[in-house]
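Okay, so here's the structure we're looking at.
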Amino acid sequence: MKTQILSGYDGESVRVAADILKNGGLVAIPTETVYGLGANGLDENAVAQIFVVKGRPQDNPLILHIADTPDMERYAHDIPAEAYRLAEAFWPGPLTMILPAKPIVPKRTTGGRDTVGIRCPDSDVTRAIIRAAGVPVAAPSANTSGKPSTVTAEHVLHDHDGKIEAVVDGGHSRVGLESTIVDLTEFPARLLRPGGITPEQLLGVLGSLIVDEAVTAEIDPEKVVKAPGMKYQHYAPQAPVVIIAGSREKAADYIHHFFQPGDRVLCFQEELPLYADCNPLAYGREDDPATLSAGLFDALRELDRPDIGRVYARCPEGGGIAYAVQNRLKKAAAFHIVNAEVAQ
Ligand code: AMP
Ligand code: MG
């Protein structure tokens, strides 16, 4: 199969992409979070292809993307008032809500669950495609399972050229990390995955929020988890990643002490001069964490090479979008963190 590259700024692309979806094919779509690998979310066979192409475990559910808030009522029932308040505040945007699923949503899409994740993405072309297709688009991140997510059309082609019918090129994803996921089937709501909508923003609307343990710690793959995606290894480049926590100076001392030829340093732009002899790669500015979220997956993909020995990574602290960056980087490091303030 030849994968077509469709411009995200051209009306004809909308028609072509919508036709592929209506015919049961796969199209990678741009969104503000990451690129998604899309199929008609109501078509079991089309959805099955997503799992094949990505190599995704069958119990890992897909998010249904809709073009307009009222459409959530077609796919979810018993929608609480909080969901409408969150949609009003944050849609279109990087927020997925877990709601009770209507029977019209196939079990393949929900990973066998009776709940469904729904999101209205902040991408005009993608919402135009969903409207033109007339169906919700089930789309996980468009990376090969386990690998860092795709934030450009080039990343998608790297992973799936020749395996999907088209990719719509809408430029670099603005947020650069997957959506925030909130489970609204329980009260108080539960944060299953941090993302571009921050815990502080959610609390502002909801008043209370439980943070699921999968957000902050490594979880046992045998355990029954609320967010199945969180139990799988994620975002990891081929080389082992270790996060070096602590002050700039202490971290640099530690890294210089242990650095071997072939290792890499993943750091903040402000730190580049400290690592001039350690082949550093900056993923954004520590004083502007949105640049770190936008740049993290580009960097992790660049580091996904067999000839790299070990990656020493610097991770931002604090809340806001930095909270989501910490979550992804810690998962990429399989929670291997060294505190340079106390380590020798
Ligand atoms: P991805 O689109 O690749 O970022 O993955 C979507 C993630 O959303 C899954 O891995 C799950 O963790 C989460 N998710 C989607 N639907 C549900 C659901 N019904 N219940 C719980 N988590 C869900
Ligand atoms: Mg993913």
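In what follows, every heavy atom counts, from backbone to side chain, and hydrogens, waters and symmetry copies are set aside. Because the structure is a prediction, the values reported are computed rather than measured. Read the numbers this way: they start at 1 and go in the same order the structure lists the ligands and their atoms. Start at 1 with the first residue, then count along the sequence.
- At a heavy-atom distance under 4.0 Å, atoms from both the backbone and the side chain of Thr115 approach ligand 1.
- A search for side chain to side chain contact (heavy atoms under 4.5 Å, CB included) contacts involving Thr115 returns Ile98, Arg113, Thr185, not counting sequence neighbours.
- Residue contacts with ligand 1 for Ile181 involve side-chain atoms from C-beta outward but no N, CA, C or O (heavy atoms, distance under 4.0 Å).
- A donor-acceptor contact shorter than 3.5 Å is absent between the side chain of Arg127 and the backbone of Ile66.
- Heavy-atom distances between Thr110 and ligand 1 stay at or above 4.0 Å for every pair.
- With sequence neighbours left out, the side chain to side chain donor-acceptor pair (under 3.5 Å) criterion links Ser208 to no other residue.
- Taking a cut-off of under 4.0 Å to the non-hydrogen atoms of Glu178, the atoms of ligand 1 that pass are 4 (O).
- Geometrically, ligand 1 and Arg56 share a nitrogen or oxygen pair separated by less than 3.5 Å.
- Legend: residues meeting side chain to side chain contact (heavy atoms under 4.5 Å, CB included) with Val16, ordered by chain and number and at least two apart, are Gln4, Leu6, Glu12, Ile20.
- The line from CD of Glu249 to CD of Glu271 is 9.0 Å long, rounded to the nearest 0.5 Å.
- Near Asn60, meaning under 4.0 Å from one of its heavy atoms, ligand 1 places the atoms 9 (C), 10 (O), 11 (C).
- Close contacts between ligand 1 and Pro61 involve ligand atoms 6 (C), 9 (C), 14 (N), 15 (C), 16 (N), 17 (C), 18 (C), 23 (C) [criterion: under 4.0 Å to a heavy atom].
- Screening the protein for N, O or S atoms under 2.8 Å from the Mg ion (ligand 2) yields 1; no waters enter the count.
- Using bins of under 30°, 30° to 60° and over 60° for the plane-to-plane angle, the ring pair Tyr312/Tyr254 lands in the perpendicular bin.
- Residues Ile243 and His336 are not in side-chain contact: their nearest non-hydrogen atoms beyond the backbone lie 4.5 Å or more apart.
- Using a 4.0 Å cut-off to heavy atoms of Ser141, the atoms of ligand 1 that qualify are 1 (P), 2 (O), 3 (O).
- Annotation for Glu317: atom CD does not count as buried by contact number, only 12 or fewer foreign heavy atoms lying within 6.0 Å.
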